[in-house]
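All ligand and atom numbering here is 1-based and tracks the order in the structure.
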Amino acid sequence: MTNIVTRFAPSPTGLLHGGNYRTAVFSYLFARKQGGKFIVRIEDTDRERSKKEYEENILESLAWLGLEYDEFHRQSELVANHTKALEYLIAEGNAYISKEEAKDGSGVIREIVRFKNPNKRVMFNDIIRGPIEIDTTDLGDFVIAKNIHEPLFHLAVVVDDATMGVTHIVRGEDHIANTPRQILLHEALGYPIPNYAHLPLVVDEKRAKLSKRRGAQPLTYYRDRGYLPEAILNFLALVGWNPGTEQEIFTKEELVQAFTLERVQKSPGFFNLEKLDWVNKEHIKRLSVEEQCAHIERALPASITTLPGYSHEKLLRITPLLVEHITHFGQITEMAEAGEIAYFFEDPTFPVEQLLWKDERDPVVASEKLQKILTLIGGIDDALFTPETIKASVWDYATEVGRGSVLWPMRYALSGREKSPDPFQLAGILGREATMRRIENAQQRLLS
Ligand code: GLU
């Protein structure tokens, strides 16, 4: 292990969205690449707004993404350190207690702690943005604690970062303005100044900053919709970073190897949902059929998995077909609810007129066509009953009398749906017995 230490320091005051987790991803990848330490620190000193459920959601999300941490802290449990630092600053003449009237108009006088601003220019060399120089004079003697036992944000962050030996602060660029204040505090407390890497903004398709108010979803939303964690990790890593090569699909290990803060861009990173779907699909394709099937099985509602004709083995056979139609596994649930899956496992029910092709309204004619199909495919052996052999036996006849008028009733008899896979694929999956039975039933119904 090197002495490199990064941290992710979220405030548990709401459900964090993908843009927030992008910060965790970069911080994590940098630490792992460097063989350093990744710390998670929950910044819960705002007691009114911090909630346990948000903290739990953060930890669940990090675990799901696979961002394991080496240390965990809760800022509210570290207040004794903050108080000590405040006392030290006051003793050294770098902070003072100021009796001031509360801003709420109550007239109450409180003893807040202000930092004695040396009023100077602060310079730091941001790893991503280069040298940044800010004059702190305008900041005045800023408040660092509500009282000696209630530190405010800047003081708590600085004391915690120094105590935890954080060497690299990787965080959103909205914190650039906070950095001079924090550097002044580091200096006054005699701490080393950490390295800073301020990440570019994350924006949506309309180039607006990603925010909950504008509909950005919490990360667990994507988990619950059946996105793969390795795909989300891959996608988030590409929001504001690229490896400088054509490669876009990465495993976690490949990301760790490829990641550098130097290649993080200055311009905003796009949180593009179409790209997310593409990346997710690419990761789905890389799973084995067994793994894909397991995901599909989890997404299927009980109304499907409890059908008498349902079996894992059958699902495995239709898995490649289902995978073609989705970008994330939540769509399997939607397909099932829309009736697009049940017919694989049970004979469909539908109004008989649906079997009639366009203006061919004579049921006897349609029945004859189904009868002919039965004859043609009836001769195929069980073991040879594949989409290819079925197609080979029906195709010439269908071409001769009109494809629609043959393939439409065939497909409808098999699926009972206007939209479904082509009849050959469907028949191959259903197998000889179910295919014959369904076509026979339809043919009989046309005659009754
Ligand atoms: N707790 C701060 C936030 O959630 C982050 C502090 C930091 O990264 O320095 O915005």
#### Entry: Those atoms of ligand 1 less than 4.0 Å from some heavy atom in Phe153
2 (C), 6 (C)

### Query
Going by the atom numbers of ligand 1, which of them fall below 4.0 Å from some non-hydrogen atom of Glu43?
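Checking each atom against Glu43, I get 1 (N), 2 (C), 5 (C), 6 (C).
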
### Message
Among all the protein's non-hydrogen atoms, which is closest to atom 4 (O) of ligand 1, and how far away is it?
### Response
Ser11 OG, 3.2 Å

### Task
List the closest protein heavy-atom neighbour of atom 10 (O) of ligand 1: residue, atom name, distance to the nearest 0.1 Å.
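Going atom by atom, the protein heavy atom closest to atom 10 (O) of ligand 1 ends up being His175 NE2, 3.0 Å.
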
### Query
Hey, does Arg7 sit under 4.0 Å from ligand 1 if you only count heavy atoms?
yes

#### Entry: Parallel, tilted or perpendicular, as decided by the 30° and 60° cut-offs, for the rings of Tyr21 and Phe8
tilted

Report all side-chain donor-acceptor pairs from residues 148-164 shorter than 3.5 Å, counting only partners two or more places apart or in another chain.
residue : atom : partner : partner atom : Å
Glu150  : OE2  : Asn147  : ND2          : 3.1
His154  : ND1  : Gln182  : NE2          : 3.1
Asp160  : OD1  : His82   : NE2          : 2.8
Asp160  : OD2  : Gln75   : NE2          : 2.7
Asp161  : OD1  : Arg7    : NE           : 3.0
Asp161  : OD1  : Arg41   : NH1          : 2.8
Asp161  : OD1  : Arg41   : NH2          : 3.1
Asp161  : OD2  : Arg7    : NH2          : 3.0
Thr163  : OG1  : Val159  : O            : 2.5

### Query
Does the ring-ring contact (aromatic ring centres under 6.0 Å, His included) test come out yes or no for Trp241 and Phe259, once each step is laid out?
CA-CA 8 Å; Trp241 172 83; Phe259 189 80; 5.4 Å; yes

#### Entry: Steps toward ring-ring contact (aromatic ring centres under 6.0 Å, His included) verdict (Tyr310, Phe345)
CA-CA 5 Å; Tyr310 177 84; Phe345 305 105; 4.9 Å; yes

### Message
Applying side-chain contact (heavy atoms from CB on, under 4.5 Å) to Leu276 and Tyr222, what does each step give before you reach the verdict?
### Response
CA-CA 10 Å; Leu276 171 60; Tyr222 296 101; 3.6 Å; yes

### Message
Please confirm whether the ring centroid of Phe124 lies under 6.0 Å from the ring centroid of Tyr196.
### Response
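That pair passes the under 6.0 Å test.
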
#### Entry: N/O separation below 3.5 Å, Gln182 to ligand 1
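N/O-N/O distance below 3.5 Å does not exist for this pair.
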
#### Entry: Ala9, any N or O under 3.5 Å of ligand 1 N or O
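Yes - when backbone and side-chain N and O of Ala9 are compared with those of ligand 1, one distance drops under 3.5 Å.
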
